[in-house]
Amino acid sequence: MKKIVIALSVLALLTSCVSKKKYTDLEARNKETQDLLNTATVKLNSCLEEKAALSATASLLKEQNQGLISTSKDMTILSTKGAENIEKALESIKEKDLKISRMQDALTKKDSVTLAVVTSLKSAVGISDPDIEINVEKGVVFISIADKLLFKTGSYDVTDKAKGVLAKVAKVVNDKPDFECMVEGHTDNVPYNGSGILLDNWDLSVKRSTSIIRVLTTQLGVKPEQLIAAGRSSYIPLVGNDSAENRARNRRTRIVVLPKIDQFYDMIEKEMKKQRP
């Protein structure tokens with residue numbers, strides 16, 4: 001602007017001493033200069049506005065970049081923690097797999113021993129006699145002996161014929177000192193009407209159990225600590241007590257051969273304790 005003022009002053013000074021043609025040329029050049037100045041001013045203002053916009057954008061990008069850097073650090077921390085949690089989870093899974101494997105081994109071993117007991121019993125006792133049944137339910141061996149092989153009707157005195165059968169059972173039990181045997185007496189639903197110390201079928205079923213236990217311990221060498229006496233009266237029938245034949249089936253003694261429960265559960269408890277944090 002200062003240059004323009006000077007130019008105009010000079011022009012005014014020279015108008016009196018220059019020709020009209022030169023004046024016209026100078027005026028045209030002045031106008032051209034003014035136009036260039038205006039154009040430059042517009043461009044300058046545009047550049048300033050663009051610079052301001054770029055500065056604002058740069059500041060925003062800088063803030064975003066800082067945010068991304070912070071987020072990246074947080075993600076790194078989270079990733080590290082996540083990796084640690086995954087590792088802990090994998091360790092826990094490995095421990096549980098080991099526990100399951102040990103439990104399966106224990107159950108497999110128990111099943112193997114149970115199968116061996118069944119095989120031994122069937123070999124010793126024989127499976128052709130319909131009055132003697134040997135089966136396995138939920139990993140437990142059951143020997144069911146018909147009442148007519150053991151006792152006379154209404155009596156709890158063990159017959160001589162029964163002692164032959166019980167001797168075979170005793171041999172198998174004696175070969176398994178880590179097993180227990182529960183001797184269960186069962187009756188039909190006909191009320192007991194005998195005389196003496198027995199009051200009902202409950203008494204009769206329990207007395208038959210203890211009678212068999214006495215034979216096993218005093219005559220056949222079974223350790224008393226391996227035996228359990230139990231009476232079930234008439235409340236666990238095999239079939240309905242609606243005929244003489246069915247009542248005869250329900251009058252029976254069942255010998256339950258099983259590993260010592262406390263030992264088995266001790267083993268399970270030990271495995272459980274190993275998995276506790």
Side-chain angles (χ1 to χ4, degrees), residues 116-137 140-177 179-258:
V117 172
V118 173
T119 303
S120 299
L121 284 168
K122 288 185 176 181
S123 175
V125 178
I127 58 175
S128 59
D129 194 331
D131 295 319
I132 301 175
E133 295 181 1
I134 301 174
N135 55 65
V136 178
E137 297 177 13
V140 179
V141 180
F142 296 93
I143 309 169
S144 184
I145 306 174
D147 179 74
K148 62 183 180 181
L149 293 180
L150 301 175
F151 308 101
K152 294 180 180 179
T153 303
S155 172
Y156 52 85
D157 293 326
V158 180
T159 65
D160 292 335
K161 183 179 180 180
K163 294 176 183 179
V165 176
L166 294 176
K168 296 176 182 179
V169 175
K171 182 179 184 304
V172 176
V173 175
N174 288 332
D175 289 339
K176 304 294 181 185
F179 279 64
E180 293 179 332
C181 291
M182 181 165 63
V183 182
E184 290 182 348
H186 295 260
T187 69
D188 58 26
N189 66 342
V190 176
Y192 177 76
N193 56 6
S195 57
I197 61 173
L198 302 183
L199 300 178
D200 52 22
N201 283 336
W202 277 113
D203 283 352
L204 178 60
S205 64
V206 174
K207 191 63 177 175
R208 284 181 170 179
S209 172
T210 56
S211 295
I212 290 175
I213 284 177
R214 287 192 180 91
V215 172
L216 291 173
T217 54
T218 61
Q219 300 180 30
L220 300 174
V222 177
K223 296 179 181 178
E225 57 267 26
Q226 286 184 258
L227 300 175
I228 304 169
R232 306 304 295 270
S233 187
S234 61
Y235 297 103
I236 313 293
L238 294 174
V239 292
N241 287 290
D242 49 10
S243 67
E245 182 181 355
N246 284 349
R247 285 192 292 272
R249 285 192 63 190
N250 290 331
R251 294 192 302 271
R252 68 201 187 278
T253 296
R254 189 172 73 161
I255 300 175
V256 185
V257 183
L258 66 164

Taking distance alone, no hydrogens or angles, what donor-acceptor pairs closer than 3.5 Å link side-chain atoms of residues 159-166 to residues at least two apart or in another chain?
{"from": "Thr159", "atom 1": "OG1", "to": "Leu149", "atom 2": "O", "distance (Å)": "3.3"}
{"from": "Thr159", "atom 1": "OG1", "to": "Leu150", "atom 2": "O", "distance (Å)": "3.4"}
{"from": "Thr159", "atom 1": "OG1", "to": "Ala162", "atom 2": "N", "distance (Å)": "3.2"}

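- Screening residues 209-230 for ring pair (Phe, Tyr, Trp, His ring centres under 6.0 Å), with sequence neighbours left out, gives no hits.
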Return all side-chain donor-acceptor pairs below 3.5 angstrom for residues 227-244, not counting sequence neighbours, or 'none' if the list is empty.
{"from": "Arg232", "atom 1": "NH1", "to": "Glu184", "atom 2": "OE2", "distance (Å)": "3.4"}
{"from": "Asn241", "atom 1": "OD1", "to": "Asn250", "atom 2": "ND2", "distance (Å)": "2.8"}
{"from": "Asp242", "atom 1": "OD1", "to": "Asn246", "atom 2": "ND2", "distance (Å)": "2.7"}
{"from": "Ser243", "atom 1": "OG", "to": "Asn246", "atom 2": "N", "distance (Å)": "3.1"}

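- Among Arg252, His186, Arg208, Arg249, the one residue that satisfies the side chain to side chain donor-acceptor pair (under 3.5 Å) test with Asp147 is Arg208.
- Residues meeting the salt bridge (Lys or Arg N to Asp or Glu O under 4.0 Å) test with Lys148, sequence neighbours left out: Asp131.
- Remark: Asp157 engages no residue in a salt bridge (Lys or Arg N to Asp or Glu O under 4.0 Å) (not counting sequence neighbours).
- A donor-acceptor pair is defined here as one N or O able to donate and one able to accept, closer than 3.5 Å; no such pair exists between the side chain of Ser155 and the backbone of Phe151.
- Taking CD1 of Ile213 as the start and CG of Leu220 as the end, the distance is 12.5 Å to the nearest 0.5 Å.
- With hydrogens and angles ignored, the 3.5 Å screen pairs no side-chain donor or acceptor of Thr217 with any backbone N or O of Pro224.
- Judged as a salt bridge (charged side-chain N to carboxylate O under 4.0 Å, His left out), not a single pair has a partner in residues 189-203 (not counting sequence neighbours).
- Evaluation of the side-chain hydrogen bond (donor to acceptor under 3.5 Å, both in side chains) rule for Asp188 yields Arg251 as partners, not counting sequence neighbours.
- Ser205 places no side-chain N or O within 3.5 Å of a backbone atom of Thr187 that could act as its donor or acceptor partner.
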